[in-house]
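Below, each value reflects all heavy atoms present in this structure, side chains not excepted, and no hydrogens, waters or symmetry copies. Residue numbering restarts at 1 for every chain, and letters A, B, ... go by the order of the sequence lines.
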Amino acid sequence: MAENKKMVEAITPINEDFTQWYTDICLKAELVDYSTVKGCTILRPYGYAIWENITHLLDARFKATGHENVAMPMLIPEGLLLKEADHVEGFAPECAWITMGGAEKLEERMCVRPTSETLFCDHWSHVLHSYRELPMKYNQWCSVMRWEKTTRPFLRTREFWWQEGHTIHETADEAIAETEQQLNTYADFCEQQLNIPVLKGQKTDKEKFAGAVATYTIEAMMHDGKALQSGTSHYFGDGFSKAFDVTFAGRDNTLQHPFQTSWGMSTRIIGAIIMTHGDDEGLILPPAIAPYQVVIVPVAAHKAGVLEKAEELRAALAEKYRVKLDDSDNSPGWKFSQWEMKGVPLRVEIGPKDIEKGQCVIVRRDTREKLFTPLETLDEVIAQQLDALGKNLYERAKQNREERTYTATAMDEIIDISESKTGYIKTMWCGDLACEEMMKEKAGVSSRCIPFVQEHLSDTCPCCGKPASKMVVWGKAY
RNA sequence: CGGGGUAUAGCGCAGAUGGUAGCGCGCUGCGUUCGGGACGCAGAGGCCUUGAGUUCAAAUCUCAAUACUCCGACCA
């Protein structure tokens, strides 16, 4: 009977307690497990498979735009880190330090990389000679460590996996163009492949990366209206290259400093996928990165011919899609719930009745709509439905963002919105740090970005009343 | 790092007033089932987070530590 069915692995309803829902999904969809190492989580096979798909897609994009992969040491001697003042100030508080080598105390302690700008600069100072060698466009896939105080799967762990791109260029214009190009790469990847709409813009000075001249960001809005910075791209000018004495002989044979960029996307993006698309049944994965795009569930698998037919379908579909045939002993109902929890975009059910009729049932994860599909057209219907599902995820997320985006021109209006709703608040801003801090104090929101696409909402800053020409998007962030 | 909460089997929990452990799920085996989280029978599984106290006796009381978790601050 339904009422005494043990709802194994049931998750917290999304609208009851969003953070608990999120944690439930991370654990019950078997993406991560907590580690006995404080502050660290383990990426389990299913979670890692998502990250692998992300890395493959991004890596191909980076290579297509002329970037090369490298591997740097994971340790940074303190002396290197100290060379760029703003950078140290930003990162030193969250560095993990190595002070012993075996039984010997080190002459100079080393930190586990929190990011690798300093290592790249040090390397470039050795290998760069001439403008002919520029640009150098490097990327590395690695993990980094930041001594965070609290742990949330994907969103905040001491060690996390990412890629960090680092480039140097002959001119500032080229470096700025690189920064923009990479931000656009992230934005396009999010929108086209993760089906997450993003807002592109520039970070305020308060929010920008330690040591950067300018930081650009893509901001995504989660189901609950909070923002998540999903990718970032920095322009450094020649600050680091001066600090690290990176020089080259220019076209006019004078010694010059190159202009630098860096950009990164991390496993945090998996948190964005979960919190943007998931629902009460669990995860919903964008087809482009789902470990399995299709799961085949045989019904009455013990009956003659069913498993064979299911395997036949699997083999045929596997030529084009990532497919899983679940031939375990669990009941069909259990499998339905399990794979919904894990967010597989499409489920194909095949049983004796279907085989008789030469059809199967396709069930969409996002709408749970059932489509009785003749086997001859299965391939094209799957392609069509995967595509439609991705588009639907994007549209749903976009609609949520639109519904949760508010405009305000006065402080009391801002406070009223921030107390009653969660989402983006668009306002004008005079550019003063004091007003940005006041927004945090009075309304509890931080600036997410100064969007590239600007609107003129009013003439004055709602905080101080002085003339304001920039529009800023504010919000609560993960 | 500040404020709350939690710590007993793999997971979720029960274990008033102290007497050294139990339930559900899961797991293993066999059988019956199979179109939305199946069922029967038989099993395996616990230094009650750690360390000090109080006591004849501590999962239970006291103190401390550690970890996890939620809410802030900080970050990708």
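Comparing G36(B), A73(B), C68(B) by their nearest atom to the side chain of Lys38(A) picks out C68(B). Of the candidates G35(B), G36(B), A76(B), the closest approach to any side-chain atom of Arg368(A) belongs to G36(B). Picking from C74(B), C34(B), C70(B) the nucleotide with the shortest atom distance to the side chain of Pro332(A) gives C34(B). Side chain of Val299(A), nearest nucleotide from G35(B), G37(B), C70(B): G35(B). Between G35(B), G37(B), C68(B), one nucleotide has an atom nearer to the side chain of Tyr34(A) than all others, and that is C68(B).
Judged by Watson-Crick or G-U wobble contacts below 3.5 Å, the nucleotide G26(B) has no partner. Base pairing of A73(B): no nucleotide in any strand meets the Watson-Crick or G-U wobble criterion (both distances under 3.5 Å). Under the Watson-Crick and G-U wobble criteria, each requiring two contacts below 3.5 Å, nucleotide C48(B) is left unpaired. The partner of U54(B) is absent, by the rule that a Watson-Crick or G-U pair needs both atom distances under 3.5 Å. Look at G36(B): it lacks any Watson-Crick or wobble partner with both distances under 3.5 angstrom. The nucleotide U17(B) finds no pairing partner, because no Watson-Crick or G-U wobble arrangement with both distances shorter than 3.5 Å includes it. Across every strand in view, U66(B) sits in a pair with A7(B) that passes the Watson-Crick or G-U test at under 3.5 angstrom.
For C75(B), the base has a donor-acceptor partner in the side chain of Arg268(A) [N/O atoms by modelled type, under 3.5 angstrom]. Donor-acceptor pairing under 3.5 Å, judged by distance alone, is present between the side chain of Asp354(A) and the base of G35(B). Counting distance only, with no hydrogens placed and no angle test, the side-chain atoms of Ser331(A) and the base atoms of A38(B) include no donor-acceptor pair under 3.5 Å. No hydrogens or angles were tested; on distance alone, nothing pairs the side chain of Glu349(A) with the base of G36(B) as donor and acceptor under 3.5 Å.
Rounded to a whole angstrom, the distance from the C1' atom of A76(B) to that of G5(B) is 28 Å. Taking atom C1' on both nucleotides, A44(B) is separated from G26(B) by 13 Å, rounded to a whole Å. Comparing the same atom, C1', in C74(B) and in C25(B) gives a spacing of 40 Å after rounding to whole Å. Annotation: A67(B) and G51(B) have their C1' atoms spaced 15 Å apart (nearest Å). On the P atoms, A58(B) is 13 Å away from A21(B), given to the nearest whole Å. Nucleotides U33(B) and C70(B), compared at atom P, are 46 Å apart to the nearest Å. Comparing the P positions of G4(B) and G36(B) gives an interatomic distance of 49 Å, to the nearest angstrom. Annotation: G35(B) and C39(B) have their P atoms spaced 13 Å apart (nearest Å).
Within 4.0 Å (heavy atoms only), Glu94(A) reaches sugar-phosphate atoms of the nucleic acid but no base atom. Within the nucleic acid shown, Lys303(A) has no heavy atom closer than 4.0 Å to any nucleic acid atom. At the heavy-atom level, Gly444(A) lies nowhere under 4.0 Å from the strands shown. Nucleic acid contact class of Pro93(A) (heavy atoms, under 4.0 Å, all strands): none. At the heavy-atom level, Thr157(A) lies under 4.0 Å from base atoms of the strands shown. Residue-level contact check: Phe154(A) touches the bases, meaning some heavy atom is under 4.0 Å from a base atom. Contacts of Lys440(A) with the nucleic acid, taken as non-hydrogen atoms under 4.0 Å apart, involve only primed sugar atoms and P, OP1 or OP2. When heavy atoms are screened at a 4.0 angstrom cut-off, Gly351(A) is found touching base atoms of the nucleic acid.
A donor-acceptor contact closer than 3.5 angstrom is absent between the side chains of Gln182(A) and Arg61(A). For Thr12(A) and Asp17(A), the side-chain atoms include no donor-acceptor pair closer than 3.5 Å.
Taking for each of Val37(A) and Glu281(A) the nucleotide of RNA chain B with the nearest heavy atom, the 5'-most of the two is the partner of Glu281(A). The residue among Phe372(A) and Ser230(A) whose nearest nucleotide of RNA chain B is located toward the 5' end is Phe372(A).
Judged by ring centres under 5.5 Å apart and planes tilted less than 30 degrees, His302(A) fails to stack against the six-membered base ring of U33(B). Stacking is found between Phe160(A) and the pyrimidine-like six-membered ring of the A76(B) base under the 5.5 Å centre-distance and 30° plane-angle cut-offs.
For His166(A) and Tyr138(A), the ring centers are positioned 6.0 Å apart or more. Taking the six-membered ring wherever Trp is involved, the centroid distance between the rings of Trp263(A) and Phe62(A) falls below 6.0 Å.
Other residues, nucleotides and ligands place no more than 12 heavy atoms under 6.0 Å from the CD atom of Glu68(A).
Between Trp429(A) and Trp474(A), the ring planes are perpendicular. Angles over 60° get that label, and only those under 30° would be called parallel.
Applying the side chain to side chain contact (heavy atoms under 4.5 Å, CB included) test between Ile273(A) and each of Ile284(A), Leu393(A), Leu285(A) identifies Leu285(A) as the sole match.
Nearest heavy-atom pair, Pro197(A) versus Glu191(A), reported as atom, atom and distance to 0.1 Å: CA-OE2, 3.3 Å.
Rounding to whole angstrom units, CG of residue Leu155(A) and P of C75(B) are separated by 16 Å.
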